[in-house]
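Here's the structure, in structure tokens; my notes come after.
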Amino acid sequence: MKKFNRLFALVIAFALVMVFAGCGGASSSAPASSAAPASSAAPASSEGEAASSGEAVAAPEKATIIQICGATSGGTYFLLANAIAQVLNDEAGDWFKASAQSTAGTPANIRLMEDGDTDFAFGQSGVAQQAIDGVSPFDKKYTNISSVTYVYPNVMQIAVRKDSNITAFTDFKGKSFCAGASGSATEINTKDMYAACGMTYEDSTIEYTSETQSAELIKDRKADGANLIAALGAAAMTDLMSSGDCDIYSFSDEELDAICALNPAYFRYTIPAGTYPNQDYEVNTFAVANYIFCRTDLDEDLVYQFTKTIYENVDTLTNTHQIASNITPESCVDGLTVPLHPGAEKYFKEIGALQ
């Protein structure tokens with residue numbers, strides 16, 4: 001009987017243990033199921049915070065081949081386009097396989113982007129405005145162009161031979177003038193100067209030339225003046241001013257008023273004395289903002305990475321050309337005429353340059 005009672009007690013005890021074990025499993029399973037969503041929600045929240053704080057976007061499986069158009073070979077646009085291509089290849093080679101291309105300038109670059117024949121390009125903000133408005137020199141409204149970043153002011157620098165005795169712009173009547181490459185932004189600027197000063201190309205012998213060609217014609221006394229629009233310190237202007245045979249033309253207030261009235265992108269600009277050899281005087285002239293543009297249909301992540309790589313390597317670009325020091329967060333949209341690409345806008349908001 002005692003053995004039976006012991007056995008019965010053991011059976012009851014075992015049964016109770018199993019019941020409580022089962023209850024314990026049920027109670028532990030409920031928190032587990034509710035904890036799973038909380039666990040998966042946490043990474044989602046942290047990923048969102050990382051994305052908003054600028055977490056690097058994964059590079060594509062294969063680098064994207066891109067082309068950056070400058071302008072005529074030897075000019076500031078082309079030098080910077082080449083330098084940027086090198087930086088992209090060196091610092092973001094998993095994203096880009098970049099090359100620079102010389103062209104006739106801003107209008108040609110805009111047409112190339114519109115047709116999908118290039119990806120990024122330098123250009124004047126005023127001419128870009130004319131393109132999206134569909135006014136001369138464009139015959140339609142261009143839509144495949146977006147701004148990436150302001151780069152530097154493009155300063156009108158009119159080289160004149162001292163022996164040409166030019167004291168007013170109208171003195172170029174009957175003289176030879178290098179207007180820039182045919183159809184380029186430089187040539188458009190020259191045409192505006194002539195129009196604002198009550199002249200036409202018929203009043204002068206017009207040469208359609210690159211910066212280098214213009215400088216050579218002036219040195220050879222085959223041209224009296226030239227529009228060498230560029231960043232300050234441009235090689236062609238430095239070369240001419242080193243000879244002691246040239247001056248930089250200083251526009252009168254009346255001339256500048258008339259010129260700036262032609263295009264809202266133009267603004268007055270003073271070239272400080274001593275910028276060039278043999279230049280101990282200030283030069284009153286005008287300028288226009290230079291931008292890097294891109295095709296509107298480019299991928300947002302690609303343009304974001306392009307912009308980010310440039311801004312993180314300004315020092316390297318400045319070693320190529322001092323003018324790149326103008327690329328700063330504070331000036332990123334100076335003189336903006338064409339809306340930013342979403343990829344560039346995303347980067348500027350990320351670094352606090354835009355709200």
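Nothing here was measured: the structure is a model prediction, and the numbers come from that model. Positions are given from 1, in the same order as the sequence printed here.
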Side-chain donor-acceptor pairs of residues 333-343 under 3.5 Å, sequence neighbours excluded:
unit_1	atom_1	unit_2	atom_2	d
Thr337	OG1	Ser125	O	2.7
His341	ND1	Gly343	N	2.9
His341	NE2	Thr296	O	3.3
His341	NE2	Leu298	O	2.9

Worked check of side-chain contact (heavy atoms from CB on, under 4.5 Å) between Val127 and Phe138: CA-CA 9 Å; Val127 178; Phe138 302 96; 3.8 Å; yes
Compare every heavy atom of [Y] with every heavy atom of [X], then report the nearest pair and how far apart it is.
{"X": "Thr209", "Y": "Ser214", "answer": "OG1-OG, 2.7 Å"}
{"X": "Gln130", "Y": "Pro137", "answer": "OE1-CD, 3.9 Å"}
{"X": "Thr106", "Y": "Ala185", "answer": "OG1-CB, 3.5 Å"}
{"X": "Ile65", "Y": "Asp119", "answer": "O-OD2, 4.0 Å"}
{"X": "Tyr276", "Y": "Ala231", "answer": "OH-O, 3.9 Å"}
{"X": "Leu240", "Y": "Ala215", "answer": "CD2-O, 3.6 Å"}

Heavy-atom check, side chain of [X] versus side chain of [Y], under 4.5 Å:
{"X": "Gln213", "Y": "Cys178", "answer": "no"}
{"X": "Phe293", "Y": "Ser147", "answer": "yes"}
{"X": "Lys219", "Y": "Asp239", "answer": "yes"}
{"X": "Arg221", "Y": "Asp163", "answer": "yes"}
{"X": "Leu232", "Y": "Gln157", "answer": "yes"}
{"X": "Ile323", "Y": "Asn290", "answer": "no"}
{"X": "Ile66", "Y": "Leu88", "answer": "yes"}
{"X": "Tyr347", "Y": "Glu345", "answer": "no"}

Mind checking what makes ring-ring contact (aromatic ring centres under 6.0 Å, His included) contact with [X], not counting sequence neighbours?
{"X": "Tyr201", "value": "Tyr194"}
{"X": "Phe172", "value": "Phe169, Phe177"}
{"X": "Tyr269", "value": "none"}

In terms of hydrophobic clusters joined by side-chain contacts under 4.5 Å, are [X] and [Y] together?
{"X": "Ile145", "Y": "Val151", "answer": "yes"}
{"X": "Leu80", "Y": "Val87", "answer": "yes"}
{"X": "Ile351", "Y": "Leu354", "answer": "yes"}
{"X": "Tyr152", "Y": "Phe286", "answer": "no"}
{"X": "Val155", "Y": "Val283", "answer": "yes"}

Donor-acceptor contact present, side-chain [X] to main-chain [Y], <3.5 Å:
{"X": "Asn89", "Y": "Ala98", "answer": "yes"}
{"X": "Thr200", "Y": "Glu202", "answer": "yes"}
{"X": "Thr72", "Y": "Gly75", "answer": "no"}
{"X": "Asn144", "Y": "Met113", "answer": "yes"}
{"X": "Asn313", "Y": "Thr316", "answer": "no"}
{"X": "Gln279", "Y": "Thr275", "answer": "yes"}
{"X": "Glu187", "Y": "Gly183", "answer": "yes"}
{"X": "Thr190", "Y": "Ala179", "answer": "yes"}
{"X": "Thr103", "Y": "Gly70", "answer": "yes"}

Rounded distance [0.5 Å steps], [atom1] in [X] versus [atom2] in [Y]:
{"X": "Met156", "Y": "Ile259", "atom1": "CE", "atom2": "CD1", "value": "8.5 Å"}
{"X": "Asp171", "Y": "Met199", "atom1": "CG", "atom2": "CE", "value": "8.5 Å"}
{"X": "Ile110", "Y": "Gln124", "atom1": "CD1", "atom2": "CD", "value": "9.5 Å"}
{"X": "Trp95", "Y": "Thr64", "atom1": "CH2", "atom2": "OG1", "value": "7.5 Å"}
{"X": "Ile248", "Y": "Asn284", "atom1": "CD1", "atom2": "CG", "value": "11.5 Å"}
{"X": "Thr212", "Y": "Leu228", "atom1": "OG1", "atom2": "CG", "value": "9.5 Å"}

I would like to know whether Phe96 and Leu302 meet side-chain contact (heavy atoms from CB on, under 4.5 Å); could you show each step before the answer? CA-CA 9 Å; Phe96 301 102; Leu302 188 77; 3.5 Å; yes
Decide yes or no on side-chain contact (heavy atoms from CB on, under 4.5 Å) for Met193 and Ile158, but give the supporting numbers first. CA-CA 11 Å; Met193 293 178 213; Ile158 310 304; 3.6 Å; yes
Take Glu350 and Lys346, measure what salt bridge (Lys or Arg N to Asp or Glu O under 4.0 Å) needs, and give me the verdict at the end. CA-CA 6 Å; Glu350 180 181 289; Lys346 175 183 175 181; 5.8 Å; no
Please walk me through it: do Ile310 and Ile84 pass side-chain contact (heavy atoms from CB on, under 4.5 Å)? CA-CA 7 Å; Ile310 287 177; Ile84 289 172; 4.1 Å; yes
Taking only residues two or more places apart in sequence or in another chain, which ones pass side-chain contact (heavy atoms from CB on, under 4.5 Å) with Leu79? His321
For Lys162, does the NZ atom sit with more than 12 other heavy atoms under 6.0 Å from it, leaving out its own atoms? yes
Would you mind listing every ring-ring contact (aromatic ring centres under 6.0 Å, His included) that reaches into residues 97-123, with sequence neighbours excluded? Tyr77-Phe122, Phe120-Phe306
Walk me through whether Glu114 and Arg111 qualify under salt bridge (Lys or Arg N to Asp or Glu O under 4.0 Å). CA-CA 5 Å; Glu114 184 76 9; Arg111 294 183 179 103; over 6 Å; no
Within 45° of the axis and under 6.0 Å from the centre of the six-membered ring of Tyr142, does NZ or CZ of Lys140 qualify? yes
Determine, stepwise, if the pair Asn227 / Thr186 fulfils side-chain hydrogen bond (donor to acceptor under 3.5 Å, both in side chains). CA-CA 7 Å; Asn227 181 5; Thr186 302; 5.3 Å; no
So that I can tick it off, tell me whether Asp257 and Arg268 are bridged by a salt bridge, with the cut-off set at under 4.0 angstrom between side-chain N and carboxylate O. yes
